[in-house]
Chemist: 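One structure coming up, written as structure tokens, with questions to follow.
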Amino acid sequence: QMQLVESGGGSVQAGGSLTLSCAASGRTFSNYAMGWFRQAPGKAREFVAAISWDGGRILYADFVKGRFTISRDNAEKMMYLQMNTLGPFDTADYYCYAASSFTGVVSGTPEYWGLGTQVTVSS
């Protein structure tokens, strides 16, 4: 089993920044590709970003448009999402995913996921 705990969410004004963190415990973190999904109220969950086990492969959703940066620290068993130039459309619950393959994260079929952290962006 792997446990994933997100943190760093909160309320910010449009144009602001937040950094989300995902702390992993249990399984060997470096064996897993990781990623972020989000779900806005009344909408389906959507892919945000993914990072391979060694950080060598990264993929972002089109709506990120250079505003977000995903990273990981295998020694600390942590993953991060630096979010800049936030807008109200970024308001959502953000979830940390872990999968044994990069495709598994991107396709939204993880083996493990967290409970989410809420991000609210006001205009």
Chemist: So if you build clusters from Ile, Leu, Val, Met, Phe, Trp, Tyr with side-chain heavy-atom gaps below 4.5 Å, do Val48 and Tyr112 land together?
Modeler: yes
Chemist: Answer yes if Ile51 and Val64 sit in the same cluster of Ile, Leu, Val, Met, Phe, Trp and Tyr residues linked by side chain heavy atoms under 4.5 Å apart, and no otherwise.
Modeler: yes
Chemist: Could you walk me through whether Ile70 and Met34 pass side chain to side chain contact (heavy atoms under 4.5 Å, CB included), step by step?
Modeler: CA-CA 9 Å; Ile70 189 171; Met34 302 293 296; 5.7 Å; no
Chemist: Search all heavy atoms of Glu6 against all heavy atoms of Gly116 and return the closest pair with its distance.
Modeler: OE1-N, 2.9 Å
Chemist: For the ring-ring contact (aromatic ring centres under 6.0 Å, His included) test, which of Tyr94, Phe47, Tyr95 pairs with Phe37?
Modeler: Phe47
Chemist: For Ser100, does its backbone N or O pair with a side-chain atom of Glu111 as donor and acceptor, under 3.5 Å?
Modeler: yes
Chemist: Restricting to side chain to side chain contact (heavy atoms under 4.5 Å, CB included), what partner residues turn up for Asp73, sequence neighbours left out?
Modeler: Ala75, Glu76, Tyr80
Chemist: Indicate the atoms forming the closest heavy-atom contact of Thr91 with Ala40, along with that distance.
Modeler: O-CB, 3.5 Å
Chemist: For the OG atom of Ser30 and the CZ atom of Arg72, what is their distance to the nearest 0.5 Å?
Modeler: 7.5 Å
Chemist: I'd like to check the side chain to side chain contact (heavy atoms under 4.5 Å, CB included) partners of Thr85; sequence neighbours left out, ordered by chain and number.
Modeler: Arg67
Chemist: Does Asn74 reach the main-chain N or O of Asp54 with its side chain, forming a donor-acceptor pair under 3.5 Å?
Modeler: no
Chemist: List the steps and the verdict of side-chain hydrogen bond (donor to acceptor under 3.5 Å, both in side chains) for Thr109 and Ser107.
Modeler: CA-CA 6 Å; Thr109 54; Ser107 64; 2.9 Å; yes
Chemist: When rounded to the nearest 0.5 angstrom, what distance separates OG1 in Thr117 from CZ in Arg38?
Modeler: 14.0 Å
Chemist: Locate the shortest heavy-atom distance separating Gly104 from Ala99; write the atom from each residue and the value.
Modeler: C-CB, 3.8 Å
Chemist: Check for me, please, whether Met78 and Phe29 land in the same ILVMFWY cluster - side-chain distances under 4.5 Å, paths through other members count.
Modeler: no
Chemist: Quick one, Met83 and Trp36 - any side-chain contact, counting heavy atoms below 4.5 Å?
Modeler: no
Chemist: When you measure from the centre of the six-membered ring of Tyr97, is the NZ or CZ of Arg45 closer than 6.0 Å and no more than 45° off the axis?
Modeler: no
Chemist: So Phe89 and Val121, do their side chains get closer than 4.5 Å, heavy atoms only?
Modeler: no
Chemist: Shortest non-hydrogen contact from Cys96 to Met79?
Modeler: SG-CE, 3.5 Å
Chemist: Enumerate donor-acceptor pairs with a distance under 3.5 Å from any side-chain N or O in residues 13-20 to protein atoms, sequence neighbours excluded.
Modeler:
from, atom 1, to, atom 2, distance (Å)
Ser17, OG, Asn84, OD1, 2.9
Thr19, OG1, Gln82, OE1, 2.4

Chemist: Is there a path of hydrophobic side-chain contacts, each under 4.5 Å between heavy atoms, that joins Val119 and Leu4?
Modeler: yes
Chemist: Can you name the closest pair of heavy atoms from Ala49 and Leu81 and give their distance?
Modeler: CB-CD1, 4.3 Å
Chemist: Can you see which heavy atom on Val106 is nearest to which on Ala50, and at what distance?
Modeler: CG2-CB, 3.8 Å
